[in-house]
Amino acid sequence: MDDYDEYIDNFSPDTTVFLSKNRAVNKEKHFSAPLVVMYNEPLLPDATGRLYEDSMDSEVSDPELLKEAIRNRETLIAVYPAIENIKTLSFDSIYSIGVEMAFGVEFDFSGPRNEDYQEIFMEARRRVRILNTFEKQGLHYAEVEVVHEPARRTNEVKSEIRSAKTSLAKLASMPSNLNRRKLDYVFEIDHAGKLADFIGTILFLSGQEKMDLLQETNDLDRLRMAHTKLVSQTRMMELDIKVLSSIHEDFDKNQRETVLREHINRLQVELNEGRSADPDIFKIEEQLENSTLPEEVREAAEKELDRLRSAPPLSPENGMISNYLHYLLDLPWSEETEDDLDVRKAREVLDKNHYGLQKAKDRIIEFLAVKSLRPKKNRLPILCFIGPPGTGKTSLGMSIASAMNRKFVRMSLGGVHDEAEIRGHRRTYIGSMPGRILQTMTKAKVVNPLFMLDEIDKLNADFHGDPSAALLEVLDPEQNFSFSDHYIEVPYDLSKVFFITTANTVATIPPALLDRMEIIEFPGYIEEDKIVIARQFLIPEQMLENGLDEEPIQFTDEALRLIIASYTYEAGVRNLEREIGTVLRKIATKKSEGKEFPTLVDAKLVSDLLGPIEFFPMTAEAKDEIGMATAIAWTENGGEIMPIEVLVVAGKSNLQITGQVGEIMQESAQAALSYLKSKQKIFEIPDDFFEETDIHIHVPEGAIPKDGPSAGITLATALISAVLGVPVNHEVAMTGEITLRGRVLPIGGVREKVLAAHRSGLKKVLIPTKNEKDLIEVPQLIRDQLEIVLVDHMDTVLENSIVGELKYQNGLRPSKKQRRKPSTKGETVEAD
Ligand code: ADP
């Protein structure tokens, strides 16, 4: 926090908020800057204040300008209208003295808290004299000169300072709600003008009184003016205290303090025309008045507000209560958006933004249709979008929200380690706050947003507490009308929220949660899909992004195919989008440098711009090999072919497996071996063959199969090929689990697997008969180009994969000559 310390040194000792982003330090004495007209009472230099989104329009001329200034780390010139209701801004209609103002958003030690500009902090820096105003490109500017006030040390000034400080000391000795830290600091100031500004800031003055102080540029005159107000305010308080003390003489000291403080508070409220003196309390009161809260919540809030009013100012308790009230009141309790249930329009929106994804779109349309017919009765489904990264889960979620006219918020469960992150910490902890669910609801500002819970499959990893119980309370319609957050304490109703969760795999989703969700698969795209998505969506978007939307830039099919096959490795289109962006950015750079730039992106240009190829996809073997068969695995990135090698060497009946293997692969190997042994006679394998050989199975690393057993029949095929000494057809890929007796069991991920086989140039794919139904999901185009064979027994598998006769043809016993080092790197080992 060095930055912050330095900032504090430079500016106000009173900065109780951290102005994130805007640390703008302007050292110029004479400059021009955009101006903003402020309709509220002025801030004196070094004072801070806040603006709230709901009232911002009535307090400043141009709220957008403030946000811009925060983003650009600039200060603005705050000017104040000299006549009421000014219509057009002119030099004559504003006060001649304004302030240079910095704006920012609050942040705590973990970073910015309110990036959404709901609450903007401002800090008055230097007093400036407005020399001129002018307009440039639709913005009003002020030319200003910083009011220079050297510290004068004449006797007259010194004596006035001393006397003002004595009065301050008197004020400080009285029980009051003044800010003590500010008071302490004021005693150290020995600059008359500055002292005047500080006194002006800590007293409860009317807008006009503050304005008078701001406009007075003579330091001594200003201090006298401030001192007079100080004395009169002190006197008023004294009087009141006297009256009150006489009434409450019997009270003990503590009681008396409390009563006095309350009284003074009331007095200050009066001075401030009915507002509570403390801006924080005032803001809370106002918010409480204006919001429609459930009875229970209102009661809780009133109770806390009472506690806040009587808590000693600047005590830790005070801070905690006011924090709590802010969180409580910022939560949406009743605001909601109205659902748009127009089915035809929704379909249009969904189709406009996304190619394909028919199942997901249909389910949403169905839901909207039913809901429009039975608006009250229909429960919200909890959808779970499952699929590899970049397949459009999030962006479809956003489209659904926009089609239904719901607000969209999301929160990721990845990296969440503690139940308290979901449910919040109890208020007894310092720095506690609500959990992320309710924080996200606060962002939504309505009770019925579309709420996307990402990475629900990443929840289990080293989690403290019970994550699924906490999430059940969030998702389960039986429970979520009264979700309990440890911090907020009052139950919160999540039942109007439309939850959509996302995950890469169902395997690691806690079963209790899985039960309550409706799975919609986002299976990943084939090359043809990707080309369409690139043409219709990714390229136009990236052109716009890179300022090339006016240019006639075209990508050839070859260029897109090259990017897809050699620069990305994914089932989705996220990297494709990124690489297209890279190509276009490089073209945009040429354009902006005024150089000639290409408008036709072909394969050559792609490889020029993107550099060396990044991915070499596994391709089919070039020729038939003994002891080598091709499996297809299903990975997080989609499907992937995976060669499996088996080597038989002289030995003592050891079975060794290396490479990418799990326990399941071991089991498959045992099953394959048992099957082979049961066929020993038929295949004419010598009696003592298995006793006198070692079998080495290697599964190359790289592909991380999610479903180990599906390599079962491939393993058996490679094993039989190695033992018998007959080759396997290199154009065949296969997937299926094997039993001890050689039956073939069904597997998952058929679509991805068939696509992977096709992509890798294989010609024939063997899949379990029981998986026939899944073939509907394989695009016709692909089915036409592949021979797909359904298999239910090892016998059929071998018929379709082994080249030549199924008989022991090793000739000799496995000899020393055949013995080779097993590969460890995963490249394929050529059999002899
Ligand atoms: P996920 O949430 O599944 O990881 P995203 O929703 O972030 O994926 O998608 C990544 C990018 O790909 C987004 O820009 C998205 O718009 C685009 N995209 C993905 N699928 C499609 C599709 N079917 N049609 C159009 N754009 C898509």
Side-chain angles (χ1 to χ4, degrees), residues 346-365 382-403 406 408-415 440 450-459 498-506 508-509 517-546 549 555 560 563-564 567-585 634-639 706 749 751-752 755 777 779:
R347 198 181 277 282
E348 255 167 46
V349 173
L350 297 183
D351 284 338
K352 195 173 112 236
N353 298 335
H354 289 87
Y355 166 82
L357 304 178
Q358 222 46 55
K359 266 199 216 162
K361 289 178 184 171
D362 287 349
R363 181 61 187 93
I364 299 298
I365 298 294
I382 301 163
L383 303 182
C384 180
F385 290 173
I386 303 267
T391 45
K393 301 183 292 297
T394 312
S395 64
L396 187 72
M398 289 179 180
S399 288
I400 295 171
S402 104
R406 288 211 176 198
F408 178 86
V409 283
R410 69 193 283 216
M411 149 188 175
S412 174
L413 290 163
T440 311
L450 190 157
F451 193 135
M452 218 159 195
L453 268 169
D454 281 333
E455 306 197 296
I456 195 162
D457 53 337
K458 307 283 189 299
L459 194 64
F498 184 5
F499 284 106
I500 296 183
T501 62
T502 76
N504 293 142
T505 160
V506 284
T508 52
I509 301 179
M517 299 191 294
E518 195 180 316
I519 305 288
I520 295 182
E521 287 197 37
F522 282 55
Y525 304 114
I526 60 169
E527 194 174 273
E528 267 62 31
D529 294 339
K530 290 185 184 179
I531 290 178
V532 178
I533 294 175
R535 290 211 180 286
Q536 288 184 5
F537 301 97
L538 309 180
I539 297 176
E541 260 163 46
Q542 289 300 319
M543 302 242 299
L544 192 69
E545 188 96 333
N546 289 293
D549 46 320
F555 280 66
L560 290 173
I563 300 180
I564 293 166
Y567 294 92
T568 66
Y569 171 69
E570 60 180 350
V573 291
R574 194 171 288 168
N575 293 322
L576 176 60
E577 182 176 28
R578 193 173 306 144
E579 297 299 335
I580 289 173
T582 308
V583 169
L584 290 174
R585 211 168 39 252
W634 181 25
T635 73
E636 299 245 317
N637 284 312
K706 282 200 293 196
R751 180 187 142 106
E752 278 71 21
L755 294 186
E777 305 200 356

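Heavy-atom basis, side chains included; hydrogens, waters and symmetry copies ignored. Whatever order the structure lists them in is the order used to number ligands and atoms, beginning at 1.
Counting all heavy atoms, side chain and backbone alike, N504 lies closest to P388 at ND2-C, 3.9 Å. Scanning all heavy atoms of the two residues, the minimum distance from S399 to N353 falls at OG-ND2, 2.9 Å. Between Q542 and G581 the shortest heavy-atom distance is OE1-CA, 3.4 Å.
Side-chain atoms of D362 do not come within 3.5 Å of backbone N or O of K359 as any donor-acceptor pair. Judged by distance alone, with hydrogens and angles left aside, the side-chain atoms of K393 form no donor-acceptor pair with the main-chain N or O of I386 at under 3.5 Å. Judged by distance alone, the side chain of K361 and the main-chain N or O of H354 form a donor-acceptor pair under 3.5 Å.
Here the protein heavy atom with the shortest distance to atom 8 (O) of ligand 1 is G392 N, 3.2 Å. The shortest contact between atom 1 (P) of ligand 1 and any protein heavy atom is with R574 NH2, 3.3 Å. Annotation: atom 24 (N) of ligand 1 to nearest protein heavy atom, Y355 N, 3.0 Å. Given atom 25 (C) of ligand 1, the protein heavy atom at minimum distance is F537 CD1, 3.3 Å. The closest protein non-hydrogen atom to atom 10 (C) of ligand 1 is G390 CA, 4.0 Å. In terms of protein heavy atoms, atom 21 (C) of ligand 1 is closest to Y525 OH, 3.5 Å. Here the heavy atom of the protein found nearest to atom 3 (O) of ligand 1 is K393 NZ, 2.7 Å. Counting only heavy atoms of the protein, atom 26 (N) of ligand 1 lies nearest to I533 CG2, 3.7 Å.
Using a 4.0 Å cutoff on heavy atoms, P389 counts as a contact of ligand 1. At least one heavy atom of N353 sits under 4.0 Å from some atom of ligand 1.
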Problem - Intermediate values then yes/no, side-chain contact (heavy atoms from CB on, under 4.5 Å), V573 and F537 - result: CA-CA 11 Å; V573 291; F537 301 97; over 6 Å; no
Handout entry: Worked check of side-chain contact (heavy atoms from CB on, under 4.5 Å) between N575 and I563
Key = CA-CA 9 Å; N575 293 322; I563 300 180; over 6 Å; no
Practice task
Show the numbers, then the answer: is there a salt bridge (charged side-chain N to carboxylate O under 4.0 Å, His left out) between E521 and R751?
Solution key: CA-CA 12 Å; E521 287 197 37; R751 180 187 142 106; over 6 Å; no
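Of all the heavy atoms of E577, the ones lying under 4.0 Å from any atom of ligand 1 belong exclusively to the side chain. Proximity of D529 to ligand 1, defined as any heavy-atom pair under 4.0 Å, is not found for any part of the residue. When heavy-atom distances to ligand 1 are checked against a 4.0 Å cut-off, V573 comes that close only through its side chain, counted from C-beta outward. Residue contacts with ligand 1 for T394 involve both N, CA, C or O and side-chain atoms from C-beta outward (heavy atoms, distance under 4.0 Å).
Atom CG of residue L357 and atom CG of residue L350 lie 9.5 Å apart, to the nearest 0.5 angstrom.
Each of the atoms 6 (O), 15 (C), 16 (O) of ligand 1 lies under 4.0 Å from some heavy atom of S395. Listed by atom number, the atoms of ligand 1 under 4.0 Å from L357 heavy atoms are 23 (N).
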